[in-house]
Every structure is written in C-alpha cells, then in structure tokens.
2 protein chains.
Amino acid sequence: MLIRYPEIYAAIKRLADVPPEQWRRLEGRLSVRRFKKGECFIEPGQPSLEAAIVMSGLFRFYYTDLDGREATKAFRGKGELLAAYAELLDKRPSRTTVEALEDSEIMTVRYERVTALYKDHACWQELGRVIAEDHYRQRERREQELLMDSATERYQTFMKDRPDLAARLPKKIIASYLGITPVALSRITAPTRTKTKRSA
Amino acid sequence: MLIRYPEIYAAIKRLADVPPEQWRRLEGRLSVRRFKKGECFIEPGQPSLEAAIVMSGLFRFYYTDLDGREATKAFRGKGELLAAYAELLDKRPSRTTVEALEDSEIMTVRYERVTALYKDHACWQELGRVIAEDHYRQRERREQELLMDSATERYQTFMKDRPDLAARLPKKIIASYLGITPVALSRITAPTRTKTKRSA
DNA sequence: GTAACGGATTAACATAGGTTAAGGACAAAT
DNA sequence: ATTTGTCCTTAACCTATGTTAATCCGTTAC
C-alpha cells in the first residue's frame with residue numbers, strides 16, 4: 001500500500017519522525033473539504049472535533065466578543081494546521097471562528113483519531129508535542145508584541161515578517177490582527193507624519 | 001531504589017503517565033537551588049539550558065525592552081514549571097528574566113537530560129506534549145485578553161482568577177502584568193468613578 | 001531616632017487610539 | 001448605466017492610558 005498524499009506526509013515528516021506504516025494508519029482517515037471565500041471551517045459554539053491541514057487558500061482565526069467586536073488571532077495558509085487548538089485540547093465548544101479568506105481546500109481528520117494513536121507509537125506523541133511547541137512560540141511572540149509594542153511598531157513588524165499576507169489581505173483584516181480599528185491603521189499608513197516608537 | 005522526591009513525582013504523574021522506573025532516570029539528575037528574594041534564575045543573554053520545578057516561593061517572568069521598560073509575562077509558584085520555554089525550544093539565549101519574588105527553592109534539571117529521554121520512552125514525549133499544550137493555553141488566553149479587554153477588565157479578571165497572587169504581589173508588579181503603568185492601575189482601583197467596559 | 005528609599009496615590013498635562021460621520025474608489029448586481 | 005455595497009481614507013472629537021512630578025507612607029539602614 002502506497003502513501004496517498006505524499007505532500008502532506010512530507011509536511012508531517014518535517015515536524016516529527018512518523019514512519020510510513022504509522023502514517024498509513026492516519027492517512028485513510030483523511031477527508032478533503034472545500035470552502036468558498038467567506039465560508040467557515042469552525043464557528044463559535046460548535047463542538048470542536050476536527051483538525052486539518054491547508055492544501056490551498058487562506059484562513060483566518062478570530063474571536064468575537066459579546067459586543068460583536070472581533071480580533072484576529074492568526075492566519076493559516078498552505079501546509080499549515082487548522083484547528084481550534086485550545087478548544088480541541090479541552091474538548092470545549094469553540095469560541096473562535098475559522099473562516100476562509102479565499103477559496104480553499106483542506107484535508108481534515110477527527111481529532112480523536114489522532115489522540116487514539118498516542119498510546120500506540122511515540123511518534124504521535126512527538127508530533128503532538130512539536131505542534132504544541134510551535135503554537136506556543138507563536139502565541140508567546142504575539143503576547144510580547146501586544147504587551148510592549150505600539151500599534152505602529154506592530155504594523156511594521158507585520159509588514160516585515162509577512163509581506164505575502166500583507167499583499168493578500170484587505171487592510172481591515174490587518175487592522176483586526178494588529179488589535180486596532182481600520183481608522184487607526186489608516187492613520188498609521190498615512191503619508192504625512194511618521195511616528196515610530198512608543199515613548200520611553 | 002526508592003522515589004526520592006515523591007511530591008515532585010506526584011506532580012509529574014498528574015501531567016503524564018511516567019512509570020516509576022522511567023522517573024528514576026530523571027530524578028538522579030535533579031539538583032536543589034535556592035534563591036533569595038530578588039535573585040534571578042534566568043537573566044537575558046544567558047544560554048537557557050535548565051528547566052525547574054518550584055518547591056516553594058514565587059517567581060516572575062518578564063521581558064525588558066531596549067528602553068528598559070518591562071512587561072511581566074507570568075508568575076509561577078509551588079509545583080509549577082520554571083523555564084524560558086521558547087528559548088529552550090529554540091536553543092537561543094534568553095530574552096526573558098526569571099526573578100524570585102520571594103525566598104524560593106527549586107529543583108532544576110538540564111533540559112537536554114529531558115530531551116535525551118524522548119527517544120527512549122513515549123512517556124517523555126507525552127510529558128513534553130502536555131506541558132507544551134498547557135503553556136499554549138495560558139498564552140492564548142492572555143493574548144485574547146490583551147487583544148479584546150480594557151485594562152480595567154483585565155484587572156478584574158486577574159483579581160477574580162488569582163486572588164492569592166493579588167494578595168502577595170506589590171501593585172506595580174500587577175500593573176506590569178496587566179500591561180499598564182502603576183499610575184494607571186491606581187486610577188483603576190481608585191474609589192470614585194467605576195468604569196467597566198471598553199465602549200462598543 | 002533619623003535618613004534614605006521604594007511603593008502608592010493623586011493631579012496636570014500629553015498622546016495614541018477609538019468613535020462617528022462623510023466622501024471617494026471600486027466591484028458586483030440589476 | 002445605475003445602483004448597491006464594501007473598503008479605504010480623512011476629519012473632528014472623545015477617552016483611556018502614558019508621563020511627569022509632588023506627596024505620603026512604611027521599611028530598612030545608619
């Protein structure tokens with residue numbers, strides 16, 4: 001029996017040492033799902049049971065609060081993981097929305113299929129560990145930015161680190177990711193006065 | 001051979017299913033270290049090689065930026081883990097300070113002693129995974145607060161979730177954790193006007 | 001005891017970012 | 001071609017929080 005999705009397997013192998021015969025146990029459980037721009041993979045209140053890998057397209061994670069204000073938590077593109085991670089771990093319904101920003105295609109698997117493998121082979125524990133560590137780093141970095149950098153600095157960092165996304169995204173989404181309003185972002189990008197650093 | 005630190009072993013067992021014979025392999029590598037109030041377990045620029053468990057006392061993690069401003073990232077007390085986590089993972093020098101807020105005692109182990117065990121028994125991968133997942137949840141929760149809640153709301157959440165810490169900590173440290181100045185915190189706690197929600 | 005120091009509070013002022021509203025550009029729908 | 005809707009920008013005004021500085025209090029050092 002062959003590897004059916006060599007591209008996904010290669011992506012997984014980059015994270016953890018999953019041998020082919022283990023991979024085949026998961027591979028059979030994968031299903032393809034397609035999303036049109038604007039459709040949601042995860043909506044708040046839904047039980048959060050599936051994880052996925054993005055094959056093509058782009059997704060946005062965001063919180064919505066009681067007043068309807070949203071804050072964008074992350075973007076995920078090709079080869080990246082799609083899951084309401086904290087909610088999966090806690091088996092809680094999601095408070096997060098995961099929305100396709102472009103027409104997209106993903107491979108999904110029920111999360112319990114993965115956790116069921118934990119006891120059979122250390123490679124699955126390793127995969128879980130590496131993914132959790134990756135996620136941790138992203139969150140920590142962002143926490144530090146939110147705590148210490150002004151909106152202008154966060155904008156500059158974003159433009160430097162993710163020029164690809166900056167080009168693909170409407171500015172209001174970028175503003176939401178930076179934790180500011182579109183109006184505030186317009187002020188930052190306006191040509192006239194340049195303000196750079198939060199004062200000391 | 002007996003378990004030498006049953007209390008620590010019990011704490012570990014709560015996280016992952018580490019059998020006694022595996023635990024003994026790590027236990028022999030633990031060393032006790034003591035810190036007086038104000039001393040640092042980790043300082044910026046140091047290579048980050050050790051992880052530890054707090055036996056008694058209290059520690060504070062904080063970033064320092066170029067202008068010397070600090071932002072407190074987390075507190076860790078008895079039974080909790082002490083490590084510059086992202087820096088350990090990346091084998092980078094720490095950008096974080098970990099400072100004892102009270103006279104404290106910890107058990108340390110070189111991080112490589114732990115990673116060396118990963119290949120020998122799945123329980124260590126599991127432990128690593130569970131710890132990373134735990135850390136992830138903490139960061140994600142805080143990111144959401146910073147993104148969506150006003151300083152007043154963050155203060156109220158902190159007082160509700162960690163009344164124990166609120167009682168033990170000077171207010172300037174709490175302010176630093178909330179991402180505001182001591183002056184701003186004083187305003188929030190001032191008796192007169194009560195302001196609660198960020199407007200919609 | 002007194003001096004020195006660090007933390008907390010308050011006031012006065014400065015500024016970043018939010019809110020509202022209006023207008024313009026562009027795309028999709030009719 | 002007109003309409004509609006969405007996004008972007010700009011302006012005017014408002015509020016939360018930062019900054020600086022003065023004062024007070026409690027602790028530690030002398």
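Computed from a predicted structure; not experimentally measured. By convention in this document, chain letters (A, B, ...) are assigned in the order of the sequence lines, proteins followed by strands, and residues within each chain are numbered from 1.
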Give the rounded distance in Å between these two atoms: [atom1] of [X] and [atom2] of [N].
X: B:Arg154; N: D:dT17; atom1: CZ; atom2: P; value: 7 Å
X: A:Leu178; N: C:dG18; atom1: CG; atom2: P; value: 10 Å
X: B:Ile180; N: C:dT9; atom1: CD1; atom2: P; value: 12 Å
X: B:Ile188; N: C:dA8; atom1: CD1; atom2: C1'; value: 14 Å
X: B:Asp149; N: D:dT17; atom1: CG; atom2: C1'; value: 16 Å
X: B:Lys37; N: C:dG6; atom1: NZ; atom2: C1'; value: 11 Å
X: B:Met148; N: C:dG18; atom1: CE; atom2: P; value: 12 Å

Is the shortest side-chain heavy-atom distance between [X] and [Y] below 4.5 Å?
X: A:Lys73; Y: A:Thr96; value: yes
X: A:Ile8; Y: A:Trp23; value: yes
X: B:Glu102; Y: B:Ser56; value: no

* Asked: Would you call the rings of A:Phe158 and A:Tyr177 parallel, tilted or perpendicular if under 30° counts as parallel and over 60° as perpendicular?
  ->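 Aromatic pair A:Phe158/A:Tyr177 classed tilted.
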* Tell me whether A:Leu30 is reachable from A:Tyr118 by hopping between hydrophobic residues (I, L, V, M, F, W, Y) whose side-chain heavy atoms are closer than 4.5 Å. =>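 Yes, A:Tyr118 and A:Leu30 fall within the same hydrophobic cluster.
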* Can a salt bridge be assigned to the pair A:Arg154 and A:Glu145 using a cut-off of 4.0 Å between side-chain N and carboxylate O? ->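 No salt bridge links A:Arg154 with A:Glu145.
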* Please state whether the base of C:dG18 and the side chain of A:Arg187 form at least one donor-acceptor pair under 3.5 Å? =>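 Side chain to base: pair present.
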Report all interatomic pairs (protein N or O, nucleotide N or O of nucleotides 6-9 of chain D) with separations under 3.5 Å.
unit_1 : atom_1 : unit_2   : atom_2 : d
D:dC7  : OP2    : A:Lys172 : NZ     : 3.0
D:dC8  : OP1    : A:Lys171 : N      : 2.6
D:dC8  : OP2    : A:Lys172 : N      : 2.9
D:dT9  : OP1    : A:Lys171 : NZ     : 3.1
D:dT9  : OP2    : A:Ser186 : OG     : 2.8
D:dT9  : O5'    : A:Ser186 : OG     : 3.2

